[in-house]
Trainee: 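Got a structure for you, questions after.
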Amino acid sequence: MKAGKGCLGFFLGPAMLVMAVYLLFNNEGDYLNTAQALDELQPLVQQVENTATPDAALEGKPVHLSGTATTGDVLVDEAYGVQAQGIMLRRNVQYAQWVEKKKKRIGDDKKPSYMTDTEYRRSRDNEWIYSYHLAWVNEPVNSATFHHEEYRSANYTHYKADTLEQWATDVQVGSYKLTNSQINRITSDGKRVTPQLVPETLKKHAMLHGEYLFIGRAPEGSSYYPLNPQAPSVGDVRIYWRQTSPQRPVSLVAVQKGNSFEPYTATNGAVVDLFYTDTLGLPQCFEEARTTNTMNLWMVRMGGWLMFWGAFACMLKPLAGMVPVCRKLAEDGAVVISLILGTIGSLLTISVSWLFCRPLLAVLTLGVIIALIWLLVRKKRKNRHAHA
């Protein structure tokens, strides 16, 4: 089993390295292109003062607009007879399933209150303590992979349904019509929609309880439904609906095209189409855009660094596991070395990317990396001489 995992690591590690390099390399250029496009666009934007009638003088120009997005569209979930006037209607489905949790065993820890004596004694033979509880989850859980055999066939469902989102097609701010892309970025206010009836096909298997439609399995030949919504049984299903209200505040920066909009394409090819579910002035829109651009930059950097670390760990940890003595120490050392190599690899990739978009910073960062490598080599030589 361990040999199989080691072989998998040798194949997975290089693949992760390639993905990390690609991710980090492109991320730097995307960030810089977006930043330059925002700087280029902001001085060109003109304010829409009156949304009652599109201003012909603003045709083809970048504009800023704030107002209330409204719609008269009525959205219908025909399968369950639920409808609501709004910008979006979402069907949510949850399943009552056994869920496995595991906790790392630490020394002489005491028996958790949720475990029986038998479960605890069995778990002590393992590095992990496993526990199981019934919960509402968004997808059926495959119990065949559970650690304890008695739970491996525990999960099933009485009914399967898909989550569903429907969006209004006619949403306007005054006389301006929002594009589908803009409509789909209007954040939901989570307004509840209460179902009014049980579909005919589910009459013997379902019941309404507040905002939920509960679905289970009735006894054979009976319309009696024994579900207790406060204490569900495995396999039960509940469906509930949320809507986005028909009136939502919005702000946008885009190019006016007739009575609608299109994204702005900068000279460097970057596309800008700012949209927020809030009442924001022009400076605030660009402040939000720059903040989001910076956050995305650092999130991808962090993800790339973790991928570098994980890639080296996949390749080095199996090698450490082959050490006949002090195996635990060797594995811990592999993790530390992977961390160092991952950090160096991430910085090196970012620096090479900067050679194309930020030459000065690239040279400085490469200097830091070279200095770090030199210090590591020097420390290693000192340790070797000390043990000689």
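Residues take their numbers from the sequence shown, with the count starting at 1. As the structure is a computational prediction, the values presented were derived from the model and not from experiment.
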Trainee: So, W241 versus N92: side-chain donor-acceptor pair below 3.5 Å or not?
Mentor: no
Trainee: Shortest non-hydrogen contact from Q42 to P283?
Mentor: NE2-CA, 4.4 Å
Trainee: Dump the intermediate steps for side-chain contact (heavy atoms from CB on, under 4.5 Å) on F25 and N27, then the final yes or no.
Mentor: CA-CA 6 Å; F25 190 90; N27 179 53; over 6 Å; no
Trainee: Within the side chain of S175, is there an N or O that forms a donor-acceptor pair under 3.5 Å with the backbone of A52?
Mentor: yes
Trainee: Are side-chain heavy atoms of K160 and D162 found at a separation under 4.5 Å?
Mentor: yes
Trainee: Could you state the interatomic distance from OG (S131) to NE2 (H148), rounded to the nearest 0.5 Å?
Mentor: 8.5 Å
Trainee: Does some side-chain heavy atom of M315 sit less than 4.5 Å from a side-chain heavy atom of M16?
Mentor: no
Trainee: What is the minimum heavy-atom distance between P54 and G258, and which atoms define it?
Mentor: CB-O, 3.9 Å
Trainee: Could you tell me whether the side chain of S143 and the main chain of N155 form a donor-acceptor pair under 3.5 Å?
Mentor: yes
Trainee: Ignoring hydrogens and geometry beyond distance, is a side-chain donor-acceptor pair present between Q94 and Y212 at under 3.5 Å?
Mentor: no
Trainee: Any sub-3.5 Å donor-acceptor pair from Q196's side-chain atoms to T194's backbone N or O?
Mentor: yes
Trainee: Is a side-chain N or O of N26 found less than 3.5 angstrom from the main chain of Y22, in a donor-acceptor match?
Mentor: yes
Trainee: Is the side chain of R152 donor-acceptor paired with the backbone N or O of H147 at a distance under 3.5 Å, no angle test?
Mentor: yes
Trainee: Cut-off 3.5 Å, side chains only: do Q172 and T70 have a donor facing an acceptor?
Mentor: no
Trainee: Using a 3.5 Å distance criterion without hydrogens, assess whether the side chain of Q166 forms a donor-acceptor pair with backbone atoms of M88.
Mentor: no
Trainee: CG of N268 to CG of N33: how many Å apart, nearest 0.5 Å?
Mentor: 4.5 Å
Trainee: Backbone N or O of T349 within a donor-acceptor pair of the S353 side chain at under 3.5 Å?
Mentor: no
Trainee: Where the side chain of H64 meets the backbone of L280, is there a donor-acceptor pair that is under 3.5 Å apart?
Mentor: yes
Trainee: Go through it in stages, so that I can follow the logic: the residues are Y240 and L213, the test is side-chain contact (heavy atoms from CB on, under 4.5 Å), and I'd like the CA-CA distance, side-chain angles, deciding distance and then a yes or no.
Mentor: CA-CA 7 Å; Y240 63 98; L213 170 65; over 6 Å; no
Trainee: For the pair L65 and F261, evaluate side-chain contact (heavy atoms from CB on, under 4.5 Å) and give the outcome as yes or no after the intermediate values.
Mentor: CA-CA 11 Å; L65 178 152; F261 307 95; 4.0 Å; yes
Trainee: Any salt bridge between D55 and K61, counting N to O under 4.0 Å?
Mentor: no
Trainee: If I take atom CD1 from residue I87 and atom CD1 from residue I186, how far apart are they, to the nearest 0.5 angstrom?
Mentor: 4.0 Å
Trainee: Might you point out which heavy atoms bring V45 and L282 nearest each other, and give the distance in Å?
Mentor: CG1-CD1, 3.7 Å
Trainee: For the pair F214 and H209, name the ring-plane relationship: parallel under 30°, tilted 30 to 60°, perpendicular over 60°.
Mentor: perpendicular
Trainee: Hydrophobic clustering (ILVMFWY, side-chain heavy atoms < 4.5 Å, transitive) - are V137 and L134 grouped together?
Mentor: yes
Trainee: For E211 and R238: C-alpha separation, side-chain torsions, deciding distance, then whether side-chain contact (heavy atoms from CB on, under 4.5 Å) applies.
Mentor: CA-CA 10 Å; E211 64 183 289; R238 70 181 185 184; over 6 Å; no
Trainee: Side-chain contact test, heavy atoms from C-beta onward, threshold under 4.5 Å: evaluate it for V234 versus T157 and give yes or no.
Mentor: no
Trainee: Would Y31 and V300 show up in the same hydrophobic cluster when neighbours are defined by side-chain heavy atoms closer than 4.5 Å?
Mentor: no
Trainee: Mind listing the closest non-hydrogen atom pair of V272 and L41 along with its distance?
Mentor: CG1-CD2, 3.6 Å
Trainee: Assess, by modelled atom type and distance only, whether the side chains of Y276 and Q284 contain a donor and an acceptor separated by less than 3.5 Å.
Mentor: no
Trainee: Is any side-chain heavy atom of R301 closer than 4.5 Å to one of E28?
Mentor: yes
Trainee: For the CD atom of Q243 and the NZ atom of K191, what is their distance to the nearest 0.5 Å?
Mentor: 5.0 Å
Trainee: Determine, for R248 against D278, whether the closest basic-nitrogen to carboxylate-oxygen distance falls under 4.0 angstrom.
Mentor: no
Trainee: Just say parallel, tilted or perpendicular for the rings of F308 and F312, cut-offs at 30° and 60°.
Mentor: parallel
Trainee: Going by heavy atoms in the side chains, are Y159 and D236 under 4.5 Å from each other?
Mentor: no
Trainee: Check Y132, Y130, Y156, Y151 against W98 for a ring pair (Phe, Tyr, Trp, His ring centres under 6.0 Å) and give me the one that passes.
Mentor: Y151
Trainee: Answer yes or no: is there a side-chain heavy-atom contact under 4.5 Å between P195 and Y80?
Mentor: no
Trainee: Between the side chain of S260 and the main-chain N/O of K177, is any donor-acceptor distance below 3.5 Å?
Mentor: yes
Trainee: Between the side chains of E165 and R91, is the shortest nitrogen-to-carboxylate-oxygen separation below 4.0 Å, so that they form an ion pair?
Mentor: no
Trainee: Side chains of F275 and V253: closer than 4.5 Å at any heavy-atom pair?
Mentor: no
Trainee: Side chains of I215 and L202: does their closest heavy-atom pair fall under 4.5 Å?
Mentor: yes
Trainee: Measure the spacing between CG of D73 and OG1 of T169 and express it to the nearest 0.5 Å.
Mentor: 4.5 Å
Trainee: Drop me the distance from L274's CG to L38's CG, to the nearest 0.5 angstrom.
Mentor: 6.5 Å
Trainee: Between T71 and D170, do the side chains contain a donor N or O and an acceptor N or O under 3.5 Å apart?
Mentor: no
Trainee: For the residue pair A254 and Q182, what are the closest heavy atoms and their distance?
Mentor: CB-NE2, 4.2 Å
Trainee: Provide the closest heavy-atom pair for A84 versus L89 in the form atom of the first, atom of the second, distance.
Mentor: CB-CD1, 4.5 Å
